[in-house]
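A note on names: the letters A, B, ... follow the listed sequences, proteins ahead of strands, and every chain is numbered from 1. Side chains included, hydrogens not; waters and symmetry mates left out as well; all remaining heavy atoms used.
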Amino acid sequence: MPPDANTLTALPMTTSQTLYVAFAAKIDAILATLEAEAVLPAGSPRGNVSVEPPRDAAHGDLATNAAMVLAKHAATNPRALAEKIVDHLTRDPLIESAEIAGPGFINLRLAPAVWREEIAAIAALGDSYGKSDMGAGTTVNVEYVSANPTGPMHMGHCRGAVVGDALASLLEFAGHKVIREYYVNDAGGQVDTLARSAHLRYREALGEDIGEIPEGFYPGAYLIPVGEAAAQEFGDRYQRADEAEWLAVFRAFAVERMMAVIKSDLAQLGIKHDVFSSEAALQAAGKPEAAEAWLRAQDLVYDGVLEAPKGKAPPEDWEPVELPLFRSTQFGDDQDRPIRKSDGKWTYFGADLAYHMQKAETADALIDVWGADHAGTVKRIKAAVAALSAGNGDVTPFDVKLVQMVQLLRDGEPAKMSKRSGNFITIADMVEEVGKDVVRFTMLTRKPEAQMDFDFAKVVEASKDNPVFYVQYAHARICSTLRKAAEAGITPSDTHLDLLTEADLALVKQAAQFPREVEAAARAREPHRIAFYLYDLAAAFHAFWNLGNDNPEKRFILEHKADVSAARLFLASQIGQIVRNGLAILGVEAVEEL
RNA sequence: GCGCCCGUAGCUCAGUCGGAUAGAGCAUCGGAUUCCUAAUCCGGGGGCCACAGGUUCGAAUCCUGUCGGGCGCACCA
């Protein structure tokens, strides 16, 4: 225990240290002392000791279960042990009181000075308040969206896009280096269909009557401009040519156009990837072959025959075929998985396996954000990463975040979103209708693994009940108050923070949770927690604000009490800072006026 | 049939490494506006945390089983 452990000067102004960590360290030190005094047996396991704010604020600022967890080891009862711990705690001048409650909790109340210092810390750190060095600068590759380049983005992609992007920002805020990556599936059969569909529109642009779009082509009108651009680019050179002549050309041409559309859709959501990886380029570089060779050398790929699918009637054209199979069953999958098709081309999985190996070369950890419709492929890709990273000598941590389906409703009616039918609602439509901030915040106000309905009509019509406005309103109110204060000639100042009341400090306590929330959310990889935290913070602020309705002494702007007013405005300004920091993680704008 | 996800108030959802009397919003009922933004706030009613066992000082939370909903289940992506 360092000699200055009883002062907060031991609390360095780094981005990692939180108030709660500092007090947890104090309690840990006390437990060490008790061991030295033989109150506790040496080496008592302290892993389950928690130091955290109690759920009910009436219980104080901090609570620890130390006495309950360790009583058995000390051969005593929790309350007796708690008294010994409390003896030490009350010697700390920053701890105003320590009480034993319930089955043996120790509830602490911290001195007001602690909270005043926290206000100063927020001000000093500004946009960095809440940042953590938990990530220790390690690189995390977050792959998200990765929509097939066969059309504009639709609602099905939207949730994964927002969650992935917020997750990436959250991890950055928590001290990771983050690579935001998009895997472009530009090598499969769907891209051939895209090329043929674009060629059809190209002939149309050249004046042919193509009639109804035949089965097996993408009918969407979004291909019309692609056809026109192709006509511009190629003239009539490919109009009557054999498919073999133009297929590759149109594939590349159409994919490029589609990616431009997708990037523009993403930009509307405020999303920008660092890296776009092409499946075709991956294959051209021979990465799947390299992966296969390595896996064969490990006997993790063999030639074998798949069993017929169970539990339902097998497809009519099913027949046993020998294929190169990856032994994913060795890693917990239900069956081994083919990496090549019977025509010798790579399966999606075969290429994806090589792709993950490639990603692992430049990152310490990988995260994929997928739609829940791909849940069935999680085990095999996890198996693949486990096998491949074992080859690098160390295991690359790998996590797949499944984002559940969004049921899109319009006036209660389900809206279909199949690209093939050409009938879908695009991101662009949606952002135009409800706005980026509403889309993003709404997608982040429930945990991603739960299904959600998104009723278009409801979100638009009831938009004033949308939580995003509630949070933004808190920020706008703060900004407005600061403007008003400036007009009245009052400048926010930290010189009289000692004049702040209990109610003021209650607000600070809530604000001081932010760094904890960031770390918890980053650890769990759940950005939605930030959204809920901001909602709660906004609620606390609004409640505080309304105290001023009943009691004018509790307002922010008090012309007759410039000292208190300056301090309270300083506090308000820091609350605003936290709202900004939190919204920045979510990619939502912190507006200054509504 | 198998795998994964979900099941918490009438509805939509939170719930930290297992912690104290399970919380919000909407809806409903009753209040607050000569005043810094009422797009706000305060209060009431509303619960078998799907069900049954187990683990332990303590379970909405962890384990097992059952029921209900969603997604997936040969070489598609």
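- Distances were taken from every side-chain heavy atom of A/P54 (C-beta onward) to each of B/C36, B/G19, B/A20; the shortest belongs to B/A20.
- Note on A/R446: only backbone sugar-phosphate atoms sit closer than 4.0 angstrom, heavy atoms only; bases stay farther off.
- Nucleotides B/G69 and B/C76 place their C1' atoms 27 Å apart, quoted to the nearest Å.
- Among the heavy atoms of the strands, none lies under 4.0 Å from A/A71.
- For the C1' atoms, the distance linking B/G15 with B/A20 amounts to 15 Å, nearest Å.
- Using a 4.0 Å heavy-atom criterion, one finds that A/A101 contacts the bases of the nucleic acid, with or without backbone contacts as well.
- With centroids closer than 5.5 Å and planes inclined by less than 30 degrees as the test, A/H374 and the base of B/G72 fail to qualify as a stacked pair.
- For A/W370, no side-chain nitrogen or oxygen approaches OP1 or OP2 of B/C71 to under 4.0 Å.
- Comparing A/P320 and A/T64 along RNA chain B, the residue whose closest nucleotide (by nearest heavy atom) sits nearer the 5' end is A/T64.
- Using a 4.0 Å heavy-atom cutoff across all strands shown, A/P338 reaches sugar-phosphate atoms only and no base atom.
- For A/Y348 and A/E52, each mapped to the nucleotide of RNA chain B holding its nearest heavy atom, the one lying further toward the 5' end belongs to A/E52.
- Using a 3.5 Å distance cut-off with no hydrogens or angles, the side chains of A/R529 and A/Y533 do not pair a donor with an acceptor.
- Between A/K379 and B/G3, a side-chain N or O to OP1/OP2 separation shorter than 4.0 Å is absent.
- Note on A/E593: a base of the nucleic acid sits closer than 4.0 angstrom, heavy atoms only.
- Among the heavy atoms of the strands, none lies under 4.0 Å from A/V378.
- Within the nucleic acid shown, A/A372 comes within 4.0 Å of sugar-phosphate atoms alone, with no base atom in reach, counting heavy atoms only.
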Contacts under 3.5 Å, N or O only, protein and nucleotides 5-10 of chain B:
| unit_1 | atom_1 | unit_2 | atom_2 | d |
| --- | --- | --- | --- | --- |
| B/C5 | O2' | A/E449 | O | 2.7 |

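- Taking a cutoff of 4.0 Å between a charged side-chain nitrogen and a carboxylate oxygen, A/R483 and A/E487 do not qualify as a salt bridge.
- Of the candidate nucleotides B/A77, B/U40, B/G19, B/G19 has the atom lying nearest to any side-chain atom of A/F105.
- Set against B/A32, B/C76, B/C36, the side chain of A/D550 has B/A32 as its closest nucleotide.
- Among the heavy atoms of the strands lying under 4.0 Å from A/S480 is at least one base atom, whether or not backbone atoms are also near.
- Taking the C1' atom of each, B/A9 and B/A27 are spaced 11 Å apart, rounded to whole Å.
- In this entry the distance linking CD of A/Q190 with P of B/C75 reads 14 Å, nearest Å.
- The base of B/A74 lies outside donor-acceptor range of the side chain of A/D336, with no N or O pair under 3.5 Å.
- Rounded to whole Å, atom P of B/A77 lies 17 Å from atom OH of A/Y355.
- Put simply, A/R477 has no side-chain N or O that comes within less than 4.0 Å of OP1 or OP2 on B/U37.
- Straight-line distance from the CE atom of A/M443 to the C1' atom of B/U12: 15 Å, rounded to whole Å.
- Between the A/S565 side chain and the A/F556 main chain, a donor and an acceptor come within less than 3.5 Å of each other.
- In this structure, the side chain of A/S132 engages the main chain of A/M134 through a donor-acceptor pair within 3.5 Å.
- For the P atoms, the distance from B/C75 to B/C63 is 31 Å, rounded to whole Å.
- Taken residue by residue, residues 524-543 of chain A places heavy atoms nearer than 4.0 Å to RNA chain B at A/H528, A/R529, A/F532, A/Y535, A/H542, A/A543.
- Taking atom CG on A/L482 and atom P on B/U37, their separation rounds to 11 Å, with Å as the unit.
- With B/A38, B/A39, B/G19 as the choices, the nucleotide that has an atom nearest any side-chain atom of A/F469 turns out to be B/A39.
- A/T491 meets the side-chain contact (heavy atoms from CB on, under 4.5 Å) test with no other residue; sequence neighbours excluded.
- Side-chain contact of A/Y348 with A/E279: a donor-acceptor pair under 3.5 Å is absent, judged by distance alone.
- You'll find that the side chain of A/T377 is closest to B/A77, out of B/A77, B/U37, B/G19.
- Taking the six-membered ring for Trp and thresholds of 30 and 60 degrees, A/H528 and A/F532 have ring planes more than 60 degrees apart, a perpendicular arrangement.
- Every side-chain contact (heavy atoms from CB on, under 4.5 Å) that A/K359 has, sequence neighbours left out, goes to A/N141, A/E143, A/E181, A/Y355, A/H356, A/L366, A/D368.
- Residue contacts for A/D192: at a heavy-atom cut-off of 4.0 Å it reaches no nucleic acid atom on any strand shown.
- In this model, a donor atom of one side chain and an acceptor atom of the other lie less than 3.5 Å apart for A/Q472 and A/D437.
- Counting non-hydrogen atoms under 4.0 angstrom, A/D373 reaches the backbone sugars and phosphates but no base.
- With rounding to whole Å, A/N546 atom CG is found 12 Å from B/C36 atom P.
- Going from the P atom of B/U61 to that of B/C6 covers 13 Å, rounded to whole Å.
- Between A/L306 and A/P320, the closest side-chain pair of non-hydrogen atoms is not below 4.5 Å.
- Judged as a side-chain contact (heavy atoms from CB on, under 4.5 Å), and not counting sequence neighbours, the contacts of A/A384 are A/F326, A/F349, A/L353, A/I381.
- For A/Y473, whose side chain is taken as the heavy atoms from C-beta onward, the closest listed nucleotide among B/G19, B/U37, B/A20 is B/U37.
- Note on A/A63: a base of the nucleic acid sits closer than 4.0 angstrom, heavy atoms only.
- In this structure, the NE2 atom of A/H157 is 10 Å from the C1' atom of B/A77, given to the nearest Å.
- Between A/D186 and A/R251 there is no salt bridge, since none of the side-chain N atoms of the basic residue sits less than 4.0 Å from a carboxylate O of the acidic one.
- As judged by a 4.0 angstrom heavy-atom cut-off over every strand, A/L306 is placed among residues touching the sugar-phosphate backbone only.
- Helical stems in RNA chain B, defined as runs of 3 or more consecutive Watson-Crick or G-U wobble pairs with donor-acceptor distances under 3.5 Å: B:1-7 with B:67-73, B:10-13 with B:23-26, B:28-32 with B:40-44, B:50-54 with B:62-66.
- Rounding to whole angstrom units, CD of residue A/E319 and C1' of B/C75 are separated by 11 Å.
- Looking at heavy-atom distances under 4.0 Å, A/N185 makes contact with sugar-phosphate atoms alone, never a base.
- Taking a cutoff of 4.0 Å between a charged side-chain nitrogen and a carboxylate oxygen, A/K401 and A/E449 do not qualify as a salt bridge.
- Spacing between atom CD of A/Q335 and atom P of B/G1 amounts to 19 Å, rounded to whole angstrom units.
- The gap from the P atom of B/U8 to that of B/G44 amounts to 25 Å, rounded to the nearest Å.
- Applying the 4.0 Å criterion to OP1 and OP2 of B/C41, one finds that A/Y470 has a side-chain N or O inside that range.
- A salt bridge links A/R296 with A/E292: the distance from a Lys NZ or Arg NE/NH1/NH2 to an Asp or Glu carboxylate oxygen falls below 4.0 Å.
- Proximity of A/L81 to A/L40: side-chain heavy atoms (C-beta onward) are separated by under 4.5 Å at one or more points.
- In terms of modelled atom types and a separation under 3.5 Å, the side chain of A/D336 and the main chain of A/S328 share a donor-acceptor contact.
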